[in-house]
Each structure stands twice: as C-alpha cells, then as structure tokens.
S.K.: 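Pasting a structure below so you can have a look.
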There are 2 protein chains.
Amino acid sequence: MEDSVKAAEEITQQCLQHSDVNWLLNRAAHGLREAMDAEANAHGTSIRGQIVLSALAQNLGRPYSQLALGHALGVDKTTMTALLDKLERSGLVVRTPDPHDRRARIPVLTEAGRELQAKLYVQLKAVEEHSLAPLSPDEREVLRSLLRRIIPMQHIEGSCM
Amino acid sequence: MEDSVKAAEEITQQCLQHSDVNWLLNRAAHGLREAMDAEANAHGTSIRGQIVLSALAQNLGRPYSQLALGHALGVDKTTMTALLDKLERSGLVVRTPDPHDRRARIPVLTEAGRELQAKLYVQLKAVEEHSLAPLSPDEREVLRSLLRRIIPMQHIEGSCM
DNA sequence: TATTGTTATACTCTATAACTATA
DNA sequence: TATAGTTATAGAGTATAACAATA
C-alpha cells in the first residue's frame, strides 16, 4: 500500500509537470467541488442544489422558467426537473404557474430556501477562500479573470453540473 | 425557445460576474473536456482512455501496478479495471504479470497504444491551444501555474475523471 | 404544429462488498 | 491477516423518447 501511494504521487507529479490544462482544470475543480459539497451536505443539500438556489436568488425580480434555468446552468430539462423535485421536497423551492404561459412553471425560493442560500453562500465562500489559500488576493482575481475568458459563451454541449 | 435562450445567457452572465471559482472551474473544465473528448472519440477512444494511455506512456522505464495508476489518476481500482478492460479490448494495452508479485498485473502499452497516444497527444494539444486562444502564451502559462498551486496534492476523495 | 414540463427508461460513471489468488 | 485484482451490484447523473397540457 505504502508503495502504490508513493508511485501514485510520482505519477501525479509528472502529470502536473506535463502542463495538460484539461487535467489541471479537472483536478482543481474536483478538489474545490469536494470541499464545497461536503459543506453543503452538512446543511442538508448539495453543491448542485446550491447552484440552483443561487441562480434563483439572483433573479427575484425577473423570474425564469425551468427551461431557461436549465439552459443557463447547462443541464437538460429532465435533469432540471429532478433537481427541482429534490429542492421542493426539502421545502426550499416552490413551483408557481407562469401567468403568461400556462404550460410553464416558475420555480421560486421559499423563505427557508432564501435563508439557506444566503447562509450557504457565506460558508461556501469561506471554503473557497480556504482552497485558494496558496494564492494571494491579486492572484485569485487573475485566476478568475483568466477562467472567465476561456469559458465558451455559446451553447453548452452536455451537462455542466 | 428564443426567449429561454436569451434568459439563459443572462443567467450565465450573472454567474460569470459573480466570481464563484467553483463554477468558473467547472465551466472551463467542461468546455475543454468536451472539445478534447470529441477529438478522442474520432480516433476510437476517449479523453479518459487517453489519460490512462498517457500515464502509461510516461512510465515505460518504471512500470506501475493497476492500483498505483488508480491512485494517481484518482479512480477506484474497480474503475481502473473497467478502463483497462476497454483499452485492452481495443488492443492498446496488455496486462503483464508482475515478476515481483504474482497478485499484481502491470498494464503496458502495445505498439498500437503507443502510436495512438502519441498521435492523440499532438491533436489534443492543438485542441487545447484552440480553446485557450483568448489567452496570450504568457497568460496560458500563468493559468497553468495558478492551477498547479491550488491542486490538493494529498489524497484524493472520490473520482477525478 | 411547436413548446413546457413530466415520466419512463437506458446508459455511463462510480464505489461497496464479496470473492480469488496470492503475500 | 492483508493486499491486488475481478466480478456483481447498486447508486448517482445524464439524456432520449413518449406523453399531457398548452401555445
């Protein structure tokens, strides 16, 4: 066991040296995601749930349909249904009818949903800062800026969550 | 449809402004991954297959067991078994017995595996460069450097592929 | 006819547990 | 007893297709 762990670290080192950006991104994303998901789980939801809650929290003034949310977050409408089912069962979201289109349903935060989102936002920000501790504040901003510039803004192929 | 697409872009814009690094990383990783996987698929394998092939290609002198590879790449030994099964079926890898431990098996590249890995390496590098086109060469190196520094080097929780 | 949302279904990825063969 | 690897299996996450209600 000791042996295979040492070997694993060697391979990891080589991967890091090899500057494969896909690998670096996946590894970095994975590390942050695990840390944040653990925190979200401790509060009875998940990182994916919080992403949906946050999208809803930002759009109190202009409510979006499930379809629009799905597009924005990079998931299929059937996946969106499943995500909202969970949130609704937890009492964090309710689906209200769209007055302008009776086919559509507008998911909105409940009071509990708004509270949990706000609380988790703070906690997850702290987790993020902790994960980014090796970087100075300036470097963190550089990282954000560089990432924004390489994110494809067009349509999304496949799921993003 | 037009409407929900427009709404989706608005939400995406808001997410980008919101500087959630987890979201930025996932989105960037997803874009690059899709592009690279499409290229790998065109050559009869996948990005995950190529990651395994590349790990093997870098260790011709010092062969690693399946377990060590799994640790390094962040997957369970059962997942490693499945990945290698596919590669072996495609004739890209063979599992050879470890002379020092008759329980263990050492996966090694076949000639076809070595060739495909080398060819795909070049092609995927081109895809990566294309995806990073918005960044200058200097900026790309900054990005790599920042990512390396926030990747947790300790043990990996859950799958990384 | 086209679209929103749901359900049923299937496929992939993942890990746990049970097993074997070694150590 | 413990470890390397396989198999069986179960749980997520995802997407396609068929459907109901509405546009």
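Heavy-atom basis, side chains included; hydrogens, waters and symmetry copies ignored. Proteins come first, then strands; the chains are lettered A, B, ... in the order of their sequence lines, and each starts at number 1. These figures come from a predicted structure and were not determined experimentally.
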S.K.: Is there a donor and acceptor pair closer than 3.5 Å between the side chain of Ser65(B) and the base of dA4(D)?
M.R.: no

S.K.: With a non-hydrogen cut-off below 4.0 angstrom, is Met161(B) in contact with a base, only sugar-phosphate, or nothing?
M.R.: sugar-phosphate

S.K.: Check the distance between dA12(D)'s P and Asp76(A)'s CG and give it to me in whole angstrom.
M.R.: 20 Å

S.K.: Take the protein atom CG of Leu69(B) and the nucleotide atom P of dT6(D), then report the distance between them rounded to whole Å.
M.R.: 12 Å

S.K.: In this structure, would Tyr121(A) and Val108(A) fall into the same cluster of hydrophobic residues linked by side-chain contacts under 4.5 Å?
M.R.: no

S.K.: Where along residues 87-100 of chain B does a heavy atom come under 4.0 Å from DNA chain D, residue by residue in number order?
M.R.: Arg95(B)

S.K.: Choosing from dG5(C), dA15(C), dA4(D), which nucleotide comes nearest the side chain of Leu67(A)?
M.R.: dG5(C)

S.K.: OP1 or OP2 of dT6(D) sitting under 4.0 Å from any side-chain N/O of Thr78(B)?
M.R.: no

S.K.: Heavy atoms from C-beta onward define the side chain here; which of dT7(D), dA15(D), dA21(D) lies closest to that of Ser159(A)?
M.R.: dA15(D)

S.K.: Expressed in angstrom and rounded to an integer, what is the separation of Asp85(B) atom CG from dC13(C) atom P?
M.R.: 13 Å

S.K.: Which residues within residues 32-41 of chain A lie with some heavy atom under 4.0 Å of an atom in DNA chain D?
M.R.: none

S.K.: Starting from P on dT3(D), measure out to CD on Gln66(B) and report it in whole angstrom.
M.R.: 17 Å

S.K.: Can you see if the side chain of Lys77(B) gets near the phosphate of dA17(C) - specifically, an N or O under 4.0 Å from OP1 or OP2?
M.R.: no

